[in-house]
Amino acid sequence: VAEIKAVYSQESATAYSAVAKVTVISPKISVIIIRPTTDLVGAVGQPYLASFFARGGTPHYSWEMTSGNLPPGLELVDPDIVVASISACPEEGPCLSPANPVWLRGVPTKAGEYKFELTAADAAGNSGKEVFVVSIRAGQITIKTESRLAARVGESFSASFIAAGGTAPYAWNAEGLPPGLALRESPQSLTPTAPCYLDISGEAICPPAPAQILLAGLPEKAGEYKFTLVAKDSTGNAGRNTFILVVSNTGAASVVIST
(Lines give C-alpha, C1' and ligand atoms only; values in the text may rest on other atoms or scores of the structure.)
Protein backbone atom coordinates (compact mmCIF):
# COMPACT_ATOMS: atom_id res chain seq x y z
CA VAL A 1 0.00 0.00 0.00
CA ALA A 2 1.45 3.39 -0.99
CA GLU A 3 0.26 6.81 0.27
CA ILE A 4 0.28 9.81 -2.08
CA LYS A 5 -0.19 13.34 -0.68
CA ALA A 6 -0.97 16.32 -2.93
CA VAL A 7 -0.78 19.92 -1.65
CA TYR A 8 -2.09 23.02 -3.45
CA SER A 9 -0.94 26.38 -2.17
CA GLN A 10 -1.19 29.92 -3.49
CA GLU A 11 -0.34 33.12 -1.64
CA SER A 12 -3.72 34.62 -2.26
CA ALA A 13 -5.73 31.49 -1.82
CA THR A 14 -6.53 28.92 0.82
CA ALA A 15 -4.23 25.86 0.90
CA TYR A 16 -5.77 22.47 0.16
CA SER A 17 -4.31 19.03 0.66
CA ALA A 18 -5.49 15.50 -0.20
CA VAL A 19 -4.22 12.00 0.58
CA ALA A 20 -4.82 8.98 -1.69
CA LYS A 21 -3.89 5.36 -1.00
CA VAL A 22 -2.91 3.02 -3.84
CA THR A 23 -2.85 -0.76 -3.32
CA VAL A 24 -0.53 -2.80 -5.59
CA ILE A 25 -1.56 -6.45 -5.87
CA SER A 26 1.06 -8.98 -6.95
CA PRO A 27 -0.10 -11.55 -9.51
CA LYS A 28 -1.04 -14.95 -8.02
CA ILE A 29 1.57 -17.65 -8.60
CA SER A 30 0.20 -21.16 -8.98
CA VAL A 31 1.73 -23.93 -6.90
CA ILE A 32 2.15 -26.97 -9.12
CA ILE A 33 2.18 -30.38 -7.45
CA ILE A 34 3.25 -33.60 -9.20
CA ARG A 35 1.95 -36.98 -8.09
CA PRO A 36 2.34 -40.55 -9.45
CA THR A 37 -0.73 -42.68 -10.12
CA THR A 38 0.79 -45.99 -8.97
CA ASP A 39 3.33 -47.35 -6.51
CA LEU A 40 6.83 -46.79 -7.87
CA VAL A 41 7.91 -50.41 -7.51
CA GLY A 42 8.85 -52.77 -10.33
CA ALA A 43 10.78 -55.97 -10.98
CA VAL A 44 13.63 -56.85 -13.29
CA GLY A 45 12.37 -58.38 -16.51
CA GLN A 46 8.73 -57.42 -15.95
CA PRO A 47 7.00 -54.72 -18.07
CA TYR A 48 6.49 -51.53 -16.07
CA LEU A 49 4.17 -48.57 -16.67
CA ALA A 50 3.43 -45.60 -14.42
CA SER A 51 2.11 -42.10 -15.05
CA PHE A 52 2.62 -38.75 -13.33
CA PHE A 53 0.02 -35.97 -13.21
CA ALA A 54 0.50 -32.29 -12.42
CA ARG A 55 -2.14 -30.27 -10.61
CA GLY A 56 -2.48 -26.70 -9.37
CA GLY A 57 -1.46 -24.98 -12.59
CA THR A 58 -2.94 -24.17 -15.97
CA PRO A 59 -2.88 -27.05 -18.46
CA HIS A 60 -1.23 -27.78 -20.90
CA TYR A 61 1.96 -28.98 -19.07
CA SER A 62 5.45 -29.58 -20.42
CA TRP A 63 7.63 -32.19 -18.70
CA GLU A 64 11.34 -32.56 -18.04
CA MET A 65 13.56 -34.77 -15.90
CA THR A 66 15.87 -32.16 -14.39
CA SER A 67 18.22 -34.40 -12.37
CA GLY A 68 18.86 -37.95 -11.24
CA ASN A 69 18.72 -41.30 -13.02
CA LEU A 70 15.96 -43.57 -14.27
CA PRO A 71 16.14 -47.35 -13.82
CA PRO A 72 17.97 -48.94 -16.76
CA GLY A 73 15.43 -50.11 -19.31
CA LEU A 74 12.85 -47.41 -18.44
CA GLU A 75 12.20 -44.11 -20.18
CA LEU A 76 9.99 -41.07 -19.70
CA VAL A 77 7.55 -40.46 -22.53
CA ASP A 78 5.35 -37.41 -23.05
CA PRO A 79 2.88 -38.47 -25.76
CA ASP A 80 0.95 -35.21 -25.41
CA ILE A 81 -2.29 -37.05 -24.68
CA VAL A 82 -4.96 -35.50 -22.46
CA VAL A 83 -6.26 -37.94 -19.85
CA ALA A 84 -9.12 -37.43 -17.40
CA SER A 85 -8.15 -39.05 -14.11
CA ILE A 86 -9.18 -38.74 -10.49
CA SER A 87 -5.45 -38.60 -9.79
CA ALA A 88 -5.41 -35.17 -11.40
CA CYS A 89 -7.94 -33.81 -8.90
CA PRO A 90 -6.87 -31.86 -5.82
CA GLU A 91 -7.40 -33.37 -2.38
CA GLU A 92 -10.00 -30.73 -1.68
CA GLY A 93 -12.18 -28.72 -3.98
CA PRO A 94 -13.43 -29.32 -7.52
CA CYS A 95 -11.64 -31.58 -9.96
CA LEU A 96 -9.29 -29.91 -12.39
CA SER A 97 -9.75 -30.12 -16.12
CA PRO A 98 -8.16 -33.17 -17.77
CA ALA A 99 -4.38 -32.82 -17.96
CA ASN A 100 -1.60 -34.40 -19.99
CA PRO A 101 0.51 -36.80 -17.90
CA VAL A 102 4.03 -38.05 -18.48
CA TRP A 103 4.65 -41.82 -18.56
CA LEU A 104 7.47 -43.94 -17.20
CA ARG A 105 7.59 -47.17 -19.20
CA GLY A 106 9.75 -50.09 -20.29
CA VAL A 107 11.23 -53.30 -18.92
CA PRO A 108 13.69 -52.80 -16.01
CA THR A 109 17.04 -54.55 -16.46
CA LYS A 110 18.79 -53.84 -13.15
CA ALA A 111 17.63 -53.94 -9.53
CA GLY A 112 18.12 -50.97 -7.19
CA GLU A 113 16.63 -47.67 -6.07
CA TYR A 114 16.70 -44.81 -8.55
CA LYS A 115 16.06 -41.18 -7.61
CA PHE A 116 15.14 -38.49 -10.13
CA GLU A 117 13.62 -35.01 -10.17
CA LEU A 118 10.63 -34.33 -12.42
CA THR A 119 9.61 -30.78 -13.41
CA ALA A 120 6.27 -29.70 -14.87
CA ALA A 121 5.74 -26.25 -16.40
CA ASP A 122 2.21 -25.02 -17.11
CA ALA A 123 0.77 -22.82 -19.85
CA ALA A 124 1.04 -19.71 -17.64
CA GLY A 125 4.79 -20.09 -17.13
CA ASN A 126 4.59 -21.51 -13.60
CA SER A 127 6.52 -24.66 -12.74
CA GLY A 128 6.79 -27.22 -9.99
CA LYS A 129 9.21 -30.01 -9.27
CA GLU A 130 9.19 -33.18 -7.19
CA VAL A 131 11.76 -35.86 -6.40
CA PHE A 132 10.71 -39.50 -6.81
CA VAL A 133 12.35 -42.83 -6.03
CA VAL A 134 11.61 -45.92 -8.13
CA SER A 135 12.48 -49.26 -6.53
CA ILE A 136 13.28 -52.16 -8.84
CA ARG A 137 13.37 -55.61 -7.24
CA ALA A 138 15.54 -58.41 -8.52
CA GLY A 139 13.62 -60.67 -10.86
CA GLN A 140 12.68 -64.14 -9.68
CA ILE A 141 14.28 -66.56 -12.10
CA THR A 142 12.40 -69.82 -12.54
CA ILE A 143 13.61 -72.97 -14.29
CA LYS A 144 11.08 -75.45 -15.67
CA THR A 145 10.82 -78.30 -18.15
CA GLU A 146 8.04 -79.94 -20.10
CA SER A 147 10.24 -82.83 -21.19
CA ARG A 148 9.75 -86.36 -19.89
CA LEU A 149 12.73 -87.05 -17.64
CA ALA A 150 13.20 -90.75 -18.32
CA ALA A 151 15.98 -92.37 -20.34
CA ARG A 152 17.59 -95.70 -21.29
CA VAL A 153 21.24 -96.66 -21.07
CA GLY A 154 23.02 -96.20 -24.41
CA GLU A 155 20.09 -94.48 -26.13
CA SER A 156 20.13 -90.85 -27.24
CA PHE A 157 18.41 -88.56 -24.75
CA SER A 158 17.51 -84.87 -24.90
CA ALA A 159 15.45 -82.63 -22.63
CA SER A 160 14.95 -78.88 -22.73
CA PHE A 161 14.85 -76.53 -19.72
CA ILE A 162 13.58 -72.96 -19.76
CA ALA A 163 14.65 -70.06 -17.53
CA ALA A 164 12.44 -66.98 -17.25
CA GLY A 165 12.14 -63.91 -15.05
CA GLY A 166 15.62 -62.44 -15.50
CA THR A 167 17.58 -60.45 -18.07
CA ALA A 168 19.29 -62.29 -20.92
CA PRO A 169 21.83 -63.58 -21.61
CA TYR A 170 21.93 -66.43 -19.07
CA ALA A 171 24.85 -68.52 -17.91
CA TRP A 172 23.96 -72.13 -17.09
CA ASN A 173 25.54 -74.55 -14.64
CA ALA A 174 24.59 -78.05 -13.52
CA GLU A 175 25.35 -80.13 -10.45
CA GLY A 176 25.06 -83.92 -10.28
CA LEU A 177 24.35 -84.77 -13.93
CA PRO A 178 24.03 -88.45 -14.92
CA PRO A 179 27.16 -89.92 -16.58
CA GLY A 180 27.11 -89.39 -20.34
CA LEU A 181 24.86 -86.29 -20.27
CA ALA A 182 25.88 -82.64 -20.56
CA LEU A 183 24.36 -79.19 -21.07
CA ARG A 184 24.22 -77.92 -24.65
CA GLU A 185 23.12 -74.63 -26.17
CA SER A 186 19.68 -74.75 -27.74
CA PRO A 187 19.40 -73.54 -31.35
CA GLN A 188 15.72 -72.74 -30.85
CA SER A 189 14.66 -69.17 -30.06
CA LEU A 190 11.74 -68.66 -27.71
CA THR A 191 8.98 -66.08 -27.55
CA PRO A 192 8.03 -64.19 -24.37
CA THR A 193 5.86 -66.23 -22.00
CA ALA A 194 3.91 -63.14 -20.87
CA PRO A 195 1.87 -61.08 -23.35
CA CYS A 196 2.97 -57.71 -24.65
CA TYR A 197 0.80 -54.68 -23.99
CA LEU A 198 0.25 -51.35 -25.67
CA ASP A 199 1.08 -48.33 -23.56
CA ILE A 200 -0.71 -44.99 -23.76
CA SER A 201 1.27 -43.93 -26.84
CA GLY A 202 0.36 -47.12 -28.70
CA GLU A 203 3.83 -48.69 -28.50
CA ALA A 204 4.15 -52.37 -27.63
CA ILE A 205 6.04 -53.18 -24.42
CA CYS A 206 7.13 -56.81 -24.24
CA PRO A 207 8.85 -58.85 -21.53
CA PRO A 208 12.17 -60.46 -22.48
CA ALA A 209 12.06 -63.90 -24.04
CA PRO A 210 12.98 -66.82 -21.79
CA ALA A 211 16.23 -68.73 -22.25
CA GLN A 212 16.52 -72.41 -23.12
CA ILE A 213 19.21 -75.03 -22.47
CA LEU A 214 19.39 -78.69 -23.49
CA LEU A 215 20.45 -81.67 -21.42
CA ALA A 216 21.58 -84.24 -23.96
CA GLY A 217 23.81 -87.24 -24.59
CA LEU A 218 23.96 -91.04 -24.16
CA PRO A 219 23.25 -92.18 -20.58
CA GLU A 220 25.96 -94.60 -19.44
CA LYS A 221 24.62 -96.12 -16.24
CA ALA A 222 21.21 -97.01 -14.88
CA GLY A 223 20.00 -95.30 -11.75
CA GLU A 224 18.04 -92.42 -10.30
CA TYR A 225 19.94 -89.15 -10.63
CA LYS A 226 19.07 -86.01 -8.72
CA PHE A 227 20.61 -82.96 -10.38
CA THR A 228 20.33 -79.19 -10.03
CA LEU A 229 20.30 -76.56 -12.77
CA VAL A 230 21.39 -72.99 -12.07
CA ALA A 231 20.65 -70.07 -14.42
CA LYS A 232 22.41 -66.75 -13.78
CA ASP A 233 21.30 -63.70 -15.74
CA SER A 234 23.28 -60.67 -16.95
CA THR A 235 22.56 -58.71 -13.76
CA GLY A 236 23.99 -61.42 -11.49
CA ASN A 237 20.62 -62.67 -10.29
CA ALA A 238 20.37 -66.47 -10.19
CA GLY A 239 17.66 -69.10 -10.02
CA ARG A 240 17.88 -72.84 -9.45
CA ASN A 241 15.71 -75.91 -9.53
CA THR A 242 16.29 -79.59 -8.78
CA PHE A 243 15.11 -82.43 -11.01
CA ILE A 244 15.27 -86.23 -11.01
CA LEU A 245 16.11 -88.29 -14.09
CA VAL A 246 15.62 -92.05 -13.99
CA VAL A 247 17.89 -94.02 -16.32
CA SER A 248 16.74 -97.59 -16.94
CA ASN A 249 18.28 -100.64 -18.59
CA THR A 250 14.97 -102.01 -19.75
CA GLY A 251 12.56 -99.12 -20.23
CA ALA A 252 11.57 -95.62 -19.39
CA ALA A 253 10.74 -94.67 -15.83
CA SER A 254 8.23 -92.20 -14.42
CA VAL A 255 9.04 -88.51 -14.30
CA VAL A 256 9.87 -87.04 -10.92
CA ILE A 257 10.49 -83.30 -10.49
CA SER A 258 11.28 -81.64 -7.16
CA THR A 259 11.60 -77.95 -6.54
Side-chain angles (χ1 to χ4, degrees), residues 1-4 20-139 167 194-207 235:
V1 178
E3 183 177 284
I4 301 175
K21 292 184 178 181
V22 178
T23 301
V24 179
I25 301 176
S26 299
K28 183 180 180 181
I29 299 176
S30 299
V31 178
I32 296 176
I33 299 173
I34 305 171
R35 292 291 183 266
T37 58
T38 60
D39 291 335
L40 301 181
V41 178
V44 171
Q46 300 300 315
Y48 180 83
L49 179 66
S51 59
F52 299 83
F53 277 87
R55 68 189 190 203
T58 304
H60 181 283
Y61 295 95
S62 60
W63 297 91
E64 182 182 6
M65 190 183 78
T66 44
S67 67
N69 297 287
L70 295 178
L74 299 187
E75 63 176 346
L76 281 171
V77 179
D78 181 6
D80 197 22
I81 297 175
V82 174
V83 177
S85 171
I86 191 65
S87 300
C89 299
E91 294 178 1
E92 297 180 359
C95 184
L96 298 176
S97 300
N100 59 298
V102 67
W103 301 82
L104 179 61
R105 69 177 186 187
V107 180
T109 60
K110 188 176 182 179
E113 290 194 344
Y114 301 88
K115 180 186 292 186
F116 63 96
E117 182 181 75
L118 193 57
T119 298
D122 73 357
N126 302 307
S127 64
K129 60 181 64 178
E130 299 282 353
V131 174
F132 301 97
V133 177
V134 178
S135 298
I136 303 298
R137 303 188 302 265
T167 303
C196 302
Y197 69 86
L198 294 178
D199 70 6
I200 191 67
S201 64
E203 182 173 336
I205 301 296
C206 300
T235 68

Polar side chain donor-acceptor pair, Thr119 to Ser127, under 3.5 angstrom =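 No, Ser127 and Thr119 have no side-chain donor paired with an acceptor closer than 3.5 Å.
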
Evaluate the ring planes of Phe52 and Phe116, with Trp represented by its six-membered ring, and classify them as parallel (under 30°), tilted (30 to 60°) or perpendicular (over 60°).
->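 It falls in the perpendicular class, over 60°.
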
Val133 and Tyr114: side-chain contact (heavy atoms from CB on, under 4.5 Å), yes or no, with the steps?
-> CA-CA 5 Å; Val133 177; Tyr114 301 88; over 6 Å; no

From CD1 (Ile34) to CD (Glu117), nearest 0.5 Å |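 Separation between the atoms: 8.5 Å.
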
Point-to-point distance, once rounded to the nearest 0.5 Å, from OH of Tyr48 to CG of Leu74 =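 Reported value, rounded in 0.5 Å steps: 7.5 Å.
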
side-chain contact (heavy atoms from CB on, under 4.5 Å) between Leu118 and Val102, intermediate numbers included = CA-CA 10 Å; Leu118 193 57; Val102 67; 3.8 Å; yes

Do Val134 and Glu113 touch side chain to side chain, with heavy atoms closer than 4.5 Å?
->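 With C-beta onward as the side chain, the pair stays apart.
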
Identify the two heavy atoms, one from [X] and one from [Y], that lie closest to each other, and give their separation to 0.1 Å.
{"X": "Gln46", "Y": "Pro108", "result": "O-CD, 3.1 Å"}
{"X": "Tyr61", "Y": "Asp122", "result": "CE2-CB, 3.6 Å"}
{"X": "Ile136", "Y": "Lys110", "result": "CG2-O, 3.6 Å"}
{"X": "Pro47", "Y": "Val107", "result": "CA-CG2, 4.1 Å"}
{"X": "Phe132", "Y": "Pro36", "result": "CE2-CD, 3.6 Å"}
{"X": "Ala120", "Y": "Ile32", "result": "O-CD1, 4.0 Å"}

Take Phe53 and Thr37 through the test side-chain contact (heavy atoms from CB on, under 4.5 Å) and record every step on the way to the result.
-> CA-CA 7 Å; Phe53 277 87; Thr37 58; 3.4 Å; yes

Please confirm whether the backbone N or O of Asn100 pairs with a side-chain atom of Trp63, one donor and one acceptor, at under 3.5 Å?
->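 Yes, Trp63 side chain to Asn100 backbone: donor-acceptor pair under 3.5 Å.
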
side-chain contact (heavy atoms from CB on, under 4.5 Å) between Leu104 and Leu49, intermediate numbers included = CA-CA 6 Å; Leu104 179 61; Leu49 179 66; over 6 Å; no

